[in-house]
Student: 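Just passing along the structure, written as structure tokens.
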Number of protein chains: 2
Amino acid sequence: MSGGEFNSWQTVQAEVLRRINAREWKPGDFIPNEAELSVEFGCARATVNRALRNLAESGLLDRRRKAGTRVALHPVRKATLDIPVIRYEIEGKGQTYRHSVLLQERLAPPSGIRARMRTGPGDKLLHLVTLHLADGKPYVFGDRWINPEAVPGIETADLGAQSANEWLVANIPFEGGDFSFSAMTAGKREAEILACKEGEGLFVIDRSTWNKTHIITSVRLTFAPGYRMHTEI
Amino acid sequence: MSGGEFNSWQTVQAEVLRRINAREWKPGDFIPNEAELSVEFGCARATVNRALRNLAESGLLDRRRKAGTRVALHPVRKATLDIPVIRYEIEGKGQTYRHSVLLQERLAPPSGIRARMRTGPGDKLLHLVTLHLADGKPYVFGDRWINPEAVPGIETADLGAQSANEWLVANIPFEGGDFSFSAMTAGKREAEILACKEGEGLFVIDRSTWNKTHIITSVRLTFAPGYRMHTEI
DNA sequence: TTGGATTATAAGTATATACATAAAAACCTG
DNA sequence: CAGGTTTTTATGTATATACTTATAATCCAA
């Protein structure tokens, strides 16, 4: 650093961002390469690299070897959202957490679940329906299928003491998961379990998690009315 | 790891992950510091740094200067979700996109919006209700408030040609945003606009975006029944 | 014992250098 | 000119070194 200015990858990032926002570099444009920018900013190429890499990760730049770096055409904003363990979510609000197992059985799942879990036609899975309560009031219930092959020890676990989710998080490492968020209309069953009216709109999370070899579990969480999931950019 | 194996930050990351999953390093445990790990893995400290930083970003490690690095106690899984521009979302499914402005007015907002937008009591905002259609069928409608002070040029923009969201994305840089996801029950108004039944559960996104000086816009998107938002870890 | 200054430490960052790798571009060759 | 080969190039990564910064831990004095 010669001039005396302070340069950091964050400074570079901020300046690149400014130029994108100011439309000096427009969507689709190639921007100067790392070497050129490092000269312009009077810093090392590694510093520029870090800044551009970061912007690329957050979706504002597209980078490809040899091709170069360009401003993303459709800047997809990416938000990171935390997937909470329900217990901590409730306790985090200062409410007391309780849960109860409504159903625990071992049977061959319906075809939709079987397809999602990629299990054989006759394979039995562990089926659990659990209600989670905040200050004694229904908060969310989970309808969960677990592949016992992927989860050694689940048969002997006391899922009354620790919820299936917590037990799994604590005991079974997973590599990936997919989530989908949607809304449903409360039917008779949901209304009963969640103590709400039939016909109310309910927030739903469907989640599957897997490791290298198996799909571990697939769960649908149906939240009581009023639930909101929140995130910031 | 001493011989001549190939080391990269990803290798280091994978090994650290393995140890966490194998419970060699348990939640809450401090792990060796960067210098020690770099000796163990036979690589530079910068390489270890990159690996650990990455794991910290994804929520599996907690790092603090001087204190060290520990395995996160409650490993909050973070998913990144793309915030799509509705038009691209629809066109991406191979459907044709159309939108129509149902209402455009300039008035002082109700108190809830005023609080959210942090505007003065008498300030008028631009209020827009827009319906977005996929293959001619209602897909989502947006109830949007725009702060004209934050958005020079909005008064003269032709929001019939380009939706407000697209116009804003293209013309007004923003720095942050917050999102919340929830479900609601379709009332008369929603049922009419979205051509669905009263009482159906609808997926809702509330979003505000801001820049340094202003809250630019605040919008509620109410999706037609069946909408799902999807993400992977 | 408290509370403020000092010190030691681990992460955070910057840099020059070197090499790896993907892929666009240029170059052949039939 | 098509199809394959080589070259070039921008990003990607690794490393040694050096300095910065937050902060836990320690020390010391009131």
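Predicted model only: the values in this text are computed from it and were never measured. By convention in this document, chain letters (A, B, ...) are assigned in the order of the sequence lines, proteins followed by strands, and residues within each chain are numbered from 1.
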Student: Whole angstrom is fine here: how far is it from CZ in B:R70 over to P in C:dA10?
Tutor: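 B:R70 atom CZ is separated from C:dA10 atom P by 14 Å.
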Student: Taking CD from B:E34 and P from C:dT13, how many angstroms apart are they, rounded to a whole number?
Tutor: 10 Å
Student: Would you kindly compare A:A67 and B:K66 by the position of their nearest DNA chain C nucleotide and give the one closer to the 5′ end?
Tutor: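 Nearer the 5' end of the strand: B:K66.
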Student: Are B:R207 and B:F179 in a cation-pi contact, defined as NZ or CZ under 6.0 Å from the six-membered ring centre and within 45° of the axis?
Tutor: no
Student: Starting at atom CD of A:Q13, determine the distance to atom C1' of C:dA14, rounded to an integer number of angstrom.
Tutor: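 Between C1' of C:dA14 and CD of A:Q13: 16 Å.
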Student: Strictly below 4.0 Å: does B:T69 bring a side-chain N or O up to OP1 or OP2 of C:dA10?
Tutor: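 So the side-chain polar atoms of B:T69 never come under 4.0 Å of the phosphate oxygens OP1 or OP2 of C:dA10.
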Student: Taking ring-ring contact (aromatic ring centres under 6.0 Å, His included) as the definition, give me every residue that meets it alongside A:F181, ordered by chain and number, with sequence neighbours left out.
Tutor: none
Student: Base, sugar-phosphate or nothing for B:Q10? Non-hydrogen atoms, less than 4.0 Å.
Tutor: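 The answer is sugar-phosphate, as B:Q10 gets under 4.0 Å only of primed atoms, P, OP1 or OP2.
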Student: Side chain to side chain contact (heavy atoms under 4.5 Å, CB included) with A:M117: which of A:I146, A:I216, A:N147?
Tutor: A:N147
Student: Treating B:T130 as the side-chain partner and B:G142 as the backbone partner, does any N or O pair qualify as donor plus acceptor under 3.5 Å?
Tutor: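 No, the answer is negative, given that no donor and acceptor are paired below the 3.5 Å cut-off.
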Student: Taking the side chain of A:N33 as its heavy atoms from C-beta onward, which of D:dA10, C:dA14, D:dT15 lies nearest to it?
Tutor: D:dA10
Student: Are any of B:S8's side-chain N or O atoms less than 4.0 Å away from OP1 or OP2 of D:dA14?
Tutor: yes
Student: Return the value, rounded to whole Å, for the distance between atom CZ of A:F41 and atom P of C:dA14.
Tutor: 13 Å
Student: If only side-chain N and O atoms of A:T47 are considered, is one of them under 4.0 Å from the OP1 or OP2 phosphate oxygen of C:dT15?
Tutor: yes
Student: So, B:E36 side chain and B:N33 main chain: donor-acceptor pair closer than 3.5 Å or not?
Tutor: yes
Student: For B:K137, is there any backbone N or O sitting under 3.5 Å from a side-chain donor or acceptor partner on B:D135?
Tutor: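 No: the side chain of B:D135 does not pair with the backbone of B:K137.
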Student: Using the six-membered ring wherever Trp is involved, compare the ring planes of B:Y227 and B:Y139 and label them parallel, tilted or perpendicular (cut-offs 30° and 60°).
Tutor: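 Ring orientation, 0 to 90° scale: perpendicular.
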Student: Please work out which residues in residues 50-64 of chain A have a non-hydrogen atom less than 4.0 Å from an atom of DNA chain D and list them by number.
Tutor: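 Close to the strand are A:R63, A:R64.
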Student: Keeping the roles fixed (side chain from A:N54, backbone from A:A51), state whether a donor-acceptor pair exists under 3.5 Å.
Tutor: no
Student: Atom CZ of B:R65 and atom C1' of C:dT9: how far apart are they, to the nearest Å?
Tutor: 12 Å
Student: Would you list the protein and nucleotides 17-19 of chain C atom pairs, both N or O, that sit under 3.5 Å from each other?
Tutor:
none

Student: How many whole angstroms separate atom CG of A:N49 from atom P of C:dA16?
Tutor: 14 Å
Student: Determine whether the aromatic ring centres of A:F141 and A:H132 lie less than 6.0 Å apart.
Tutor: no
Student: Roughly how many Å is it from CG in B:L37 to C1' in C:dA11, rounded to a whole number?
Tutor: 13 Å
